[in-house]
There are 2 protein chains.
Amino acid sequence: MPGKTKYVYEFNEGSADMKYVLGGKGANLAEMTRIGLPVPPGFTITTGACNEYYQTGHFPDGLLDEVNEHLNTLQETMGKKLGDPDDPLLVSVRSGAPFSMPGMMDTVLNLGMNDDAVRGLMKQTGNERFAYDSYRRFVQMFGKVVLRIEGELFEEAINELKAKVGVKYDTDLSADDLKELVETFKGIVKAHAGMDFPTDPKQQLRLSIEAVFKSWGNKRAVDYRKLYKIPDDLGTAVSVQTMVFGNKGNTSATGVAFSRDAATGENIQYGDYLVNAQGEDVVAGIRVTQSLTNMKNEMPELAEQLFGILITLEKHYKDMCDTEFTIEQGKLWMLQTRIGKRTAAAALKIAADMVTEGLITKNEAVQRIDPEQLDQLLHPQFDPKAKVAVLTKGLNASPGAAVGKVVFDAETAEEMAEKGEKVILTRWETTPDDLHGMVAAQGILTSHGGKTSHAAVVARGMGKPCVCGADAMLVDAKNKVFSVDGTQVREGEIISIDGTTGRVVIGEVALVPPTPTKEFDLILGWADQIRRLGVRTNADTPEDAEKARRFGAEGIGLCRTEHMFLGDRLPIVQQMILAKSKEEEDDALQKLLRVQRDDFLGIFKAMDGLPVTIRLLDPPLHEFLPNPTDLKVEITRMEMSGAPAAEIAPKQELLDSVEKMAEMNPMLGLRGCRLGIMHPELYKMQVRAIMQAACQFKKEGGNPKVEIMIPLVAIVNELNTLRAESESVVAEVIAATGVDVDYKIGTMIEIPRAAITADEIATVADFFSFGTNDLTQMAFGFSRDDIEAKFLPRYLERKILPRNPFETIDEGVAKLVAMGCENGRKTNPDLKLGVCGEHGGDPDSVKKFHEIGLTYVSCSPYRVPLARLAAAQAVLGADGSTA
Amino acid sequence: MPGKTKYVYEFNEGSADMKYVLGGKGANLAEMTRIGLPVPPGFTITTGACNEYYQTGHFPDGLLDEVNEHLNTLQETMGKKLGDPDDPLLVSVRSGAPFSMPGMMDTVLNLGMNDDAVRGLMKQTGNERFAYDSYRRFVQMFGKVVLRIEGELFEEAINELKAKVGVKYDTDLSADDLKELVETFKGIVKAHAGMDFPTDPKQQLRLSIEAVFKSWGNKRAVDYRKLYKIPDDLGTAVSVQTMVFGNKGNTSATGVAFSRDAATGENIQYGDYLVNAQGEDVVAGIRVTQSLTNMKNEMPELAEQLFGILITLEKHYKDMCDTEFTIEQGKLWMLQTRIGKRTAAAALKIAADMVTEGLITKNEAVQRIDPEQLDQLLHPQFDPKAKVAVLTKGLNASPGAAVGKVVFDAETAEEMAEKGEKVILTRWETTPDDLHGMVAAQGILTSHGGKTSHAAVVARGMGKPCVCGADAMLVDAKNKVFSVDGTQVREGEIISIDGTTGRVVIGEVALVPPTPTKEFDLILGWADQIRRLGVRTNADTPEDAEKARRFGAEGIGLCRTEHMFLGDRLPIVQQMILAKSKEEEDDALQKLLRVQRDDFLGIFKAMDGLPVTIRLLDPPLHEFLPNPTDLKVEITRMEMSGAPAAEIAPKQELLDSVEKMAEMNPMLGLRGCRLGIMHPELYKMQVRAIMQAACQFKKEGGNPKVEIMIPLVAIVNELNTLRAESESVVAEVIAATGVDVDYKIGTMIEIPRAAITADEIATVADFFSFGTNDLTQMAFGFSRDDIEAKFLPRYLERKILPRNPFETIDEGVAKLVAMGCENGRKTNPDLKLGVCGEHGGDPDSVKKFHEIGLTYVSCSPYRVPLARLAAAQAVLGADGSTA
């Protein structure tokens, strides 16, 4: 019937590339059937049928007819019939989505059992106990999965029976006991489902298919999809397959087998099996499984056949396979195969080995590694073997684990770190004032703020573990204690945090060190040969620069200078800001010039020969001053306690200054290049420090490549003005030192208007670096500080936004980036185009930036390997081909 | 010589349309020469020569040669020579820019005077006193204007001489006295200019031309250009013209004449003249001038000739002309003509009359009125005859004048207004909390904030006079006093403010009422026939709506609902926000529903039959709560003074709530449609109130046209979600009332991403209204609250921005608007497109919006006539033709 939708495929009609139609499981069963492996016959109902079910609320027209046709074919093929009292066909009904969602959806086994079939099964096997055990298992599973009856009711009934007959294990129950149990179970069904247990196998099948469809929408499955970013509209397929039994005695067995080691990647077939058991027993861990090595001794021929199949599968799929099998009375059946999950180290080793073995190309090897997984290899982790009692969970803001004493302020963190103690800085949330404490700490823990809060961003930049937004924590910094549900943790107590998962644990958890393997370098080397996008790093210190260089960074794309205004320099900075005379200001600027010159020198040395993009000061100056509310409260206290006016006056004066500088919306206020326009001496000092450092380094034989970046430009005249002022300082320094250093002057494109008028701005810029953090803020009108806690979670939940736009570049913002590139290149074809927002370390965003045609991305040191890999994958098609 | 730049034009070579080359004065002298009026011969040096002078720092090559050639021609024409001891030629050297800059640049008269010429002049006139008076005037003027000698030195010398010879007036000085004075003046020149007085007329001329060029760049001229938005690169022309003398006895005279009355527009020629005087005497006001009516009696033939010339000029220029003339010994010379400046009322009357007279078309009449000038006609003003002693000046934030008692807080304003007293609300700056006080006040005065500060915007919206940013004022609201330079003004004292000029005056200044004339309606009626852009108003109350409708508004483009949450409703709003239970929240929402329904009903009535666009709540909810710093200080006070814990606890609880809601950047936080997503009941209540009011009004026989506007949309799904929720409420109300009301649901486009993704958003919007205030903020990354005081002035001064982008739409932002229109119409061709930012009332912006192709603009009631006119002018070419 041409034009009619086909809802059901025999296994021998499908193939592995039909996973969107047949689900992963169905497609692979079809594939195995197609290449002649022993698969119990069956058929698969498509994901399309499931989707129609969700759209209309009922089965698609014709679906049940089609199922019946295929059921008839199956009965003919097997020479058995459902519910046949002589030789009954039993089937399994399994879910199978296009992407693996292990254990999230429902499965029904032994379908077809009723009072007739159980007799047929007895006849066929001569095993009454087996027959009734299968029957009671089916009633139990059907009751629980399809009829949504509380599973405990069945468990209790089993326990009562065992108590009554005085046995300990299920396996000790006799055939008669089980017979009685079947009746008890039927009673439970009748009492709790409001219907008799359905004895008609076709009704059983219809209800089971619907139950599997429904399980696609259960909370567990929905949460899982959200977590793994699997679209909701894919639907699940349903595979109906002839049952085979691994529990028909000692020539029967069931197990799982991997074609290589999923933990290490070693080329060793391995797995576990149980004799005389059904699949669920292996997973449930009730009985101790045996390794496949043992099978070689116990069932040598079958083992040989299985190992052969694993080799066949791996050659066929060109990847490590994870299979399920059952042996029924000496015959091996393959019940499932899929591409096996693996650790990051295993992924790298398997890919590298398969290239050596000639199984895949280098491109395929590169394409196959999940960039996000690489992160595992770069940070210490909780020892997987450690038993941990999780106190609370926050957001996994910066990967890696850390152990240390709890401290509640940056000063204490620094003091204790100086004494050689490891500390975890624990705050309500962090501010730039806490930076020295963050530097001193092993890890950062906050009760507020999202994955792009200050703590998270800075921690990721430093490659330090961070758990943030752990909102069950009440942090009382004043009294140096935090509590979770009444459990108090005081300063000095040891905690462990795991930034990879968000876990917070009281006490010390053993950590395992990062283990980048030789395959890590090998495959990233291949990636470097493939990618066209450069990869730089965001680094503010020589230490970070060195680290990033070791990870393969090709320069610095963003060196923030605000960190050079903090710590012991803060008093000088405050002197500069609050200066009452030109002399006082100049004095502060001179002091800053000296220290910043040394900062830059260290960075140029670390990046010798590679470009270093230095951003002139960006944050509003009031960020360097005390908080006005705190000051007001302090003054009120002093007044109330009768402090002398002379003591209050300077505080009041400071408050006046601070209030004068306060802004309603600092994000949109006097910052970035606007500072440079209003305080020309500040930017000139920075340019002087940069160029003096560069000239000195060149004199010493180094090769500094200076890129001066002016932030927050919205108007061509801002850059024009500041470029001219910078160039005159550069000329002065070059004249004074007698050393000529190459330099570029460019700007960040982080204001929508800058992207829109990039053609104008490009006429006076040597490079653009897209600051996609701020660009996202302003394109959306979102303040990252505010919205992540306030409404972004709801937006994601209600699918108003598909993803957090601060993690993965938004399509609308990407259009602005593309517009900026296109406009900029129109008037300045030599323009270098980079990205230095956090998106530079996000694989999906990297792909987008590759497509837009940027020159490079820049990201925090620990994200550099990810970006290298993602940039290569952006070049490759899904199959590893170069586009 | 082809290809050579021509720097000098004889008067008979030019015409009126060459004002960019010859300046206004030079072009009009040429035009008058061309049409045969009696103009003393001369020539004009081009603005191009001036611009080259500024670029290179010296005269263009060949300029002096060309000047000499034309000087020779002039000498031949006149039969006189510069410096001739028998019959000397004397010339004037005058500046003349393309746009009138009265008195801003320099002029030199009587050039050519020296010891020879003075004798020749004596010979020609037989008047020694006149000759030496001309000589001393020249030395004095040349010394002051060209040689930059302090003018007082000359004045002092005159006074000394008068004292010495014992006379009171200059005119009493004898020829010998003046002869002595010439020598004294020469001595002053030598002593202060470091050079002898130059006797060579060509050197005099060269220095004078250079002085006029230089005067283009003097501070006065630069400030004037900035004020009137005249570009700096136009340059000034220099006209060199034969001197004629009105001071050669009683058959000589000099004066000014207008072809119509510049104050009222009446078609009556008028002017003033002085017998036996030079032009500067008329302007200086030293002698009492006579009216031209008098001239008819005294010099009937000359008067007839002059009136005839005025008629000729008016017919020729088709506009009211403002002329200068001199009668030299019975011969009339025209020295200048230009289009006369006039009051708004006169402009309207002249234009309307000229249409009646068949002199110009209606289109030309419409094109000729300056929209900004209309404002004069709509607000009371200080009586121009009143003598005012200005205490201080602020920004002219909202036009019109007001008189009232000073009050320092909104509550007092309201209380006093209720007692029938007129008050001026005087604040450091205003916040939405002050709104009821602003409503109650006659005018608003602030010491902080720019022309788009809260006070300014709201006042303009209300059509109330406002002076803001008067930064010389120290406002001490606590002690209810403000001071300027030590002068204190306390609560209850009367002040007058003039929002048209920014003046603040102690005491009561007499006001004159607005006087829109019949020509006002006539010409705006013509404008309505021409324009294609609709004009709506921004109005939040029935009163404003009615006012705007009288001014010609075709509906409401923006009805803000936040004002409906203030005043006596604030406690209910706070109850809603802080509600601890659903019941408590519902109760507050019910109360708000009832009062808002009445608000909407009033507005629908006022706009019966016209569309009313109502914006759902936009500001962040914390704006309705107390300030956390104030609360913190209060709690500290209570703690310090030992208040019982039970009293402190509720304050602390409130503080906790407020702090939880506080945002770093409220502009980019939880506001607009984000509120609607997070608090669905709030928006549903508003939609219910709107629709209940509309249904009720329709039941009563009215014709409500409802447009529900959802603000701050950045993502199509925001609008999608809220549209669906709104529509279900609409359906409910329609079902419940049984009345069907037409409605539209649309959104504001005020977020860059919305403009960029307008194609998506338009699929679920019936209309877009561009919120260009916020769009400007986010496109630039400017917080209006912060930048206007902090750095915008510097940006304008340094020409980083050509204009305040919050006053006149910026080119980059306009691109976003155009992008939004184009993208939106792509997917929804029926989309209505409006603008409701303040730019809707700015003539230049209105022109831009017309070009972009919007459907309508919306502006505050008092700007509606301006917008109507500007929209018509946008259709017309500069000459009044329809494009």
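All values below come from the heavy atoms of this structure, side chains included, with hydrogens, waters and symmetry mates left out. Lettering follows sequence order; numbering is per chain, from 1.
The choice from B/E750, B/R671, B/M667 that makes the most heavy-atom pairs within less than 4.5 Å of chain A is B/M667. Taking B/E718, B/E639, B/M661, B/K815 one by one and counting their heavy-atom pairs under 4.5 Å with chain A, the maximum is reached by B/E718. Chain A forms the most heavy-atom pairs under 4.5 Å with one residue out of B/G812, B/P666, B/G781, and that residue is B/G781. Comparing B/I800, B/V633, B/T721, B/T636 by heavy-atom pairs within less than 4.5 Å of chain A, the highest count is held by B/I800. Counting heavy-atom pairs closer than 4.5 Å to chain B, the top residue among A/I715, A/D630, A/L816 is A/I715. Taking chain A as the reference chain and counting heavy-atom pairs below 4.5 Å, the highest number among B/R674, B/K632, B/M778 is found for B/R674. The most heavy-atom pairs under 4.5 Å with chain A, out of B/I787, B/I635, B/D810, come from B/D810.
For A/F780 and A/F806, the gap between ring centers reaches or exceeds 6.0 Å.
With a 4.5 Å cut-off on non-hydrogen atoms, A/I751 touches chain B through its backbone and its side chain both. In this structure, chain A has no heavy atom under 4.5 Å from any part of B/A755. Only the side chain of B/D786 comes within less than 4.5 Å of a heavy atom of chain A; its backbone N, CA, C and O stay farther away. Only the side chain of B/R798 has a heavy atom closer than 4.5 Å to any heavy atom of chain A.
Within 6.0 Å of NZ on A/K826 lie more than 12 heavy atoms contributed by other residues, nucleotides or ligands. Within a 6.0 Å radius of CE in A/M664, other residues, nucleotides and ligands contribute 12 heavy atoms or fewer. Other residues, nucleotides and ligands contribute at most 12 non-hydrogen atoms within 6.0 Å of the CD atom of B/E822.
Contact check for B/P805 versus B/L792: side-chain heavy atoms found under the 4.5 Å cut-off.
Remark: side-chain polar atoms of A/T446 are paired, donor with acceptor, to backbone N or O of A/G469 under 3.5 angstrom. The closest donor-acceptor contact from the side chain of B/N717 to the backbone of A/K799 lies under 3.5 Å.
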Let's go through B/Q777 and B/N773 carefully: what are the C-alpha distance in whole Å and the side-chain angles of both, what is the deciding distance for side-chain hydrogen bond (donor to acceptor under 3.5 Å, both in side chains) to 0.1 Å, and is it a yes or a no? CA-CA 6 Å; B/Q777 296 201 81; B/N773 295 357; over 6 Å; no
